[in-house]
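For reference, the structure is listed below as structure tokens.
In this chain, residues are counted from 1 in sequence order. Values reported hereafter were calculated over all heavy atoms of this structure, with side chains retained and with hydrogens, waters and symmetry mates removed. In listed order, ligands and their atoms are each counted from 1.
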Amino acid sequence: MNTQEGLRVLVSSKVLASTVIRLAAEISRDYREKNPLLIGILTGSFVFMADLIRQLDFPLELDFVRLTSYGRSTQTSGCVKIVQGLRSLVKSRHVLVVEDIVDTGTTLAFLLDYLKKKKPASLKLCALLDKPSRRRVPVTIDYLGINVPDKFLVGYGLDCDEKYRNLPDIRVLEE
Ligand code: IMP
Ligand code: MG
């Protein structure tokens, strides 16, 4: 049985590819001369990050943080912790945070606040997906891919209990 059996496609791999190209064009325009530090949030953003950076043809550096807020369920716990920190210095760097999906905003608000205290030269956010109807904490998304409805989504890095990350498109887990 295929892992995606019975799950409706919300965003196809073709639409994901064109969205990544558009975002990369916007980011290139703003960061070409800045040697930015891209910070991905593990694990969900790794597929998006991998596709995004291969559309960026200028010098950049990469780092990842691992945060927890969800535990192993589909509901946010509201409490964010850094489980694996940065290896790079953030001070005076042009930092672009790369995230798979902004839901309540709790995770991003925490991370952006944490990074701001390290005095970067600039700090912006790129998110592939946004679920604005679920927002509890305001977050400014500087580079946004696609607005999505309030459904639990899997694929293209997004998981449910660590499964489905390998799907090439984004699918709805619970209808
Ligand atoms: P927030 O702190 O509520 O904004 O949650 C953000 C994090 O929750 C994202 O980085 C995802 O890892 C996870 N998340 C939110 N919505 C979904 C979803 O629909 N599918 C899978 N993970 C999700
Ligand atoms: Mg995440």
Which ligand 1 atoms are under 4.0 Å away from a heavy-atom of Phe152? 17 (C), 18 (C), 19 (O), 20 (N), 21 (C), 22 (N)

Answer with side chain, backbone, both or neither: which part of Glu99 has a heavy atom less than 4.0 angstrom from an atom of ligand 1? side chain

Within the 4.0 Å heavy-atom shell around Lys151, which atoms of ligand 1 are there? 19 (O)

Thr43 and Arg66: side chain donor to acceptor below 3.5 Å: yes

Could you establish whether Ile101 and ligand 1 come within less than 4.0 Å of each other, counting only heavy atoms on the residue side? yes

Within the structure, does Leu108 bring an N/O atom to less than 3.5 angstrom of an N/O atom in ligand 1? no

Contact partition for Arg136 relative to ligand 1, non-hydrogen atoms under 4.0 Å: neither

Atoms of ligand 1 less than 4.0 Å from Lys131 heavy atoms? 16 (N), 17 (C), 18 (C), 19 (O)

What are the atoms of ligand 1, with element, lying closer than 4.0 Å to any heavy atom of Thr107? 1 (P), 2 (O), 5 (O), 6 (C)

Parallel, tilted or perpendicular for Phe48 and Tyr156, by the 30°/60° rule? tilted

Residue part near ligand 1, for Asp159, under 4.0 Å between non-hydrogen atoms: backbone

Report yes or no: does Gly105 have a heavy atom closer than 4.0 Å to ligand 1? yes

What atoms of ligand 1 come closer than 4.0 angstrom to any heavy atom of Thr104? 1 (P), 2 (O), 3 (O), 4 (O)

Should Leu62 and Tyr143 be regarded as members of a common hydrophobic cluster, given that ILVMFWY residues are connected when their side-chain heavy atoms come within less than 4.5 Å of each other, either directly or indirectly? yes

Take atom CD1 in Ile82; do more than 12 heavy atoms of anything else shown fall under 6.0 Å from it? yes

Numbering as shown, the atoms of ligand 1 that approach Asp103 to under 4.0 Å (heavy-atom distance): 1 (P), 3 (O), 4 (O), 5 (O), 15 (C), 16 (N)

Between Val15 and Leu52, is there a shared hydrophobic cluster once you connect ILVMFWY residues whose side-chain heavy atoms come closer than 4.5 Å? yes

Any carboxylate oxygen within less than 4.0 angstrom of a Lys/Arg side-chain nitrogen, looking at Asp103 and Arg135? no

Hey, are Asp159 and Arg165 close enough for a salt bridge, meaning a charged N less than 4.0 Å from a carboxylate O? yes

Which heavy atom in Met49 sits nearest to a heavy atom in Gly40, and how many Å separate them? CE-N, 3.4 Å

